[in-house]
Q: 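Okay, here's the structure, questions in a sec.
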Protein chains: 2
Amino acid sequence: MVSKEEIIDFIKNGGAHYLNDLSIECIIFGYHDQELKILLGRHSSGDWALPWAYIKKEETLQSAAERILKERTSLENIFLQQFHTFGDSQVRLAGALNTLAPPEIATEFGEDNWLLKRKVSVGYYALIDYTKAEVKAEFPFEEFQWHSISSVPTLIFDHKEMLEKALLTLRNQIHLQPVGSNLLPEKFTLPEIHVLYETILNKTLDRRNFPKKLLSLGVIEKLSEKRKIGQHRSPFLYKFNKEKYGEALEEGMVLAF
Amino acid sequence: MVSKEEIIDFIKNGGAHYLNDLSIECIIFGYHDQELKILLGRHSSGDWALPWAYIKKEETLQSAAERILKERTSLENIFLQQFHTFGDSQVRLAGALNTLAPPEIATEFGEDNWLLKRKVSVGYYALIDYTKAEVKAEFPFEEFQWHSISSVPTLIFDHKEMLEKALLTLRNQIHLQPVGSNLLPEKFTLPEIHVLYETILNKTLDRRNFPKKLLSLGVIEKLSEKRKIGQHRSPFLYKFNKEKYGEALEEGMVLAF
DNA sequence: AATTTATTTAGTAATATTTACGCATTGAAA
DNA sequence: TTTCAATGCGTAAATATTACTAAATAAATT
């Protein structure tokens, strides 16, 4: 909970502590019920947005992104990737992007207030285990919610474009690095990872051929354990082979889907 | 040619015209004599660096990068790709990165001069036809020279890391998009494109199988024209199929090498 | 003029991977 | 007991990749 005095102080004096020309936006992907989801926050104005924050003058980009992530989800040591820096949209160039700094701020705090300056944004995306995230909001957000990427509400600023670019990057990256270790629980089924890949790639993959590919790489291993799913045959559980997965992340691979 | 007065004005008052927390660095790749080369500039201090500049407050990132490129090579409408934003190295955090602003500037122009502030850098790489570049220098550089990527001089700031990251990005990207259209002349030989790919990938590709791959994609086409190379069999010339090449850039492809 | 040298062209064959697809097993609901 | 549908477990054909040799070429050398 942030008091009004703290908000005013932030607006007036924050420019001395934060980089004035930059912000960080974080696209937080989770996976649940065979849907890729993103974490969105609602401003007090009612607008939905990606998680974002300013960068402290002495803070690295990476640690700033990690801070945002921890503040929103309570998670640490998770997969976090810088993907693009945005600064060219009209909304960013105009410098009128900040719901913290409505028009009246120009009269109350001066036209050269740091919040009225153009903000270039360094975009990161994170892949997290949905079940482990403890979502929490704080100023300037009132609440956060998970949304399926197939039903994203209207987003402010250029956040729609940012989300699209993050998805495109993830979609391309999937050919060069395996994905899933961060999004799935430790033990998962073939249908779960299958649908995850189909969701990211936005295409249909043959249910009988797809597992052969991952197994031939050695990034996943079959367990003897099964999961009861009700009135159908119980699927086997699988886990990631940390060593092979790590090698595939490190050295790259090229997978056509 | 920039006068001393202009330099002083730039140092004193540039902060009102340029983003204070950001710069742009440009890795300009060319290809010549079967070597990948980069364009480097020498500061008056003797240090070698990547081409870089500040971003005007009203300038988009893309047009700033295009401006740097045109100023250095006289070229327009060329392949230019943002690849990573850098800000976390000690040299950048310390804010002591600028050879324009040596220690005495803190006394002469004040410790809060815009040039002494930390600069986060948005990195772009360009792929240009070496034969078309008209290289020219201006303040703060004294001269520019092409260097083979296998014999790069010591670079200031974190420019070595930036170059490495650009190469890595290019190396990864080559699996998702064809490369060469920007680096090779309109007509080229198989050995030329073969060595280009080998140089970027840093691995050996079979001389007999490699062309079949590009031909099977349809991105290159064989001409009936040959190029005399002296005391050996004249190789055929090839050209890019603009349509197929454009499709491969647009829709992506996945090529293992 | 013949021979040499080395680059390039033009393949073939073996192997690996991908693609397409069907049938059997399973397990709760009907 | 039967039904339904998800999952497991394949096989076969098509395609791509990999490994590699020999022929053609063209100026230099003898």
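The basis for the numbers below is simple: all heavy atoms, side chains too, and nothing from hydrogens, waters or symmetry mates.
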Q: Looking only at heavy atoms, what is the nearest atom pair of Ile174(A) and Met253(A), with distance?
A: O-CE, 4.0 Å
Q: For residues 233-244 of chain A, which residue pairs pass the side-chain hydrogen bond (donor to acceptor under 3.5 Å, both in side chains) check, not counting sequence neighbours?
A: Glu221(A)-Asn241(A)
Q: Among all residues two or more places apart in sequence or in another chain, which pass the side chain to side chain contact (heavy atoms under 4.5 Å, CB included) test with Thr199(B)?
A: Leu36(B), Ile149(B), Val195(B)
Q: Examine Tyr124(A) together with Phe83(A) and report whether their ring centres are nearer than 6.0 Å.
A: no
Q: Can you sort out which residues in residues 189-206 of chain A have a heavy atom within less than 4.0 Å of DNA chain C? Ascending by number, please.
A: Asp206(A)
Q: List the residues meeting side chain to side chain contact (heavy atoms under 4.5 Å, CB included) with Asp206(A), not counting sequence neighbours, and say none if there are none.
A: Arg208(A), Asn209(A)
Q: dG8(D) C1' sits how many Å from Phe210(A) CZ, rounded?
A: 16 Å
Q: Determine whether more than 12 heavy atoms belonging to other residues, nucleotides or ligands lie under 6.0 Å from atom NZ of Lys136(A).
A: yes
Q: Rounding to an integer number of Å, can you tell me how far Gln34(A) CD sits from dT7(D) C1'?
A: 13 Å
Q: Looking at residues at least two apart in the chain, or sitting in another chain, which of them share a ring-ring contact (aromatic ring centres under 6.0 Å, His included) with His147(B)?
A: Trp48(B)
Q: Step by step, would you call Leu40(B) with Gln145(B) a side chain to side chain contact (heavy atoms under 4.5 Å, CB included)?
A: CA-CA 5 Å; Leu40(B) 297 176; Gln145(B) 275 180 19; 5.9 Å; no
Q: Near DNA chain C, under 4.0 Å by heavy atom, which residues of residues 171-179 of chain B?
A: none
Q: To the nearest Å, give me how far apart CZ (Phe236(B)) and C1' (dA26(D)) are.
A: 14 Å
Q: Could you tell me which residues satisfy ring-ring contact (aromatic ring centres under 6.0 Å, His included) with Phe144(A), sequence neighbours excluded, listed by chain and number?
A: Phe141(A)
Q: Go through the side-chain N and O atoms of His159(B) and Glu25(B) and say whether any donor and acceptor fall under 3.5 Å apart.
A: yes
Q: Measure the distance from CZ on Arg227(B) to C1' on dA27(D) and round it to the nearest whole Å.
A: 18 Å
Q: Base, backbone or nothing for each nucleotide of nucleotides 22-30 of chain C, written B, S, -, heavy atoms under 4.0 angstrom, 5' to 3'?
A: B--BBBSS-
Q: Please list all pairs passing the salt bridge (charged side-chain N to carboxylate O under 4.0 Å, His left out) test where one or both residues lie in residues 150-169 of chain A, with sequence neighbours left out.
A: Arg92(A)-Asp158(A), Lys160(A)-Glu164(A)
Q: Sequence neighbours left out, cut at 3.5 Å: what donor-acceptor pairs do the side chains of residues 181-191 of chain B make with other protein atoms?
A:
{"residue": "Lys187(B)", "atom": "NZ", "partner": "Glu225(B)", "partner atom": "OE1", "Å": "2.8"}
{"residue": "Thr189(B)", "atom": "OG1", "partner": "Glu192(B)", "partner atom": "N", "Å": "3.2"}

Q: CD of Glu225(A) versus C1' of dG8(D): gap in Å, rounded?
A: 17 Å
Q: Send over the distance from Leu237(A) CG to dT7(D) C1', rounded to a whole Å.
A: 13 Å
Q: Sequence neighbours excluded, which residues qualify as ring-ring contact (aromatic ring centres under 6.0 Å, His included) partners of Tyr245(A)?
A: Phe240(A)
Q: Sugar-phosphate means primed atoms, P, OP1 and OP2; the rest is base. With that split, encode nucleotides 11-18 of chain D 5' to 3' as B, S or - using protein heavy atoms under 4.0 Å.
A: B-----SB
Q: In whole angstrom, what separates Leu214(A)'s CG from dT17(C)'s P?
A: 14 Å
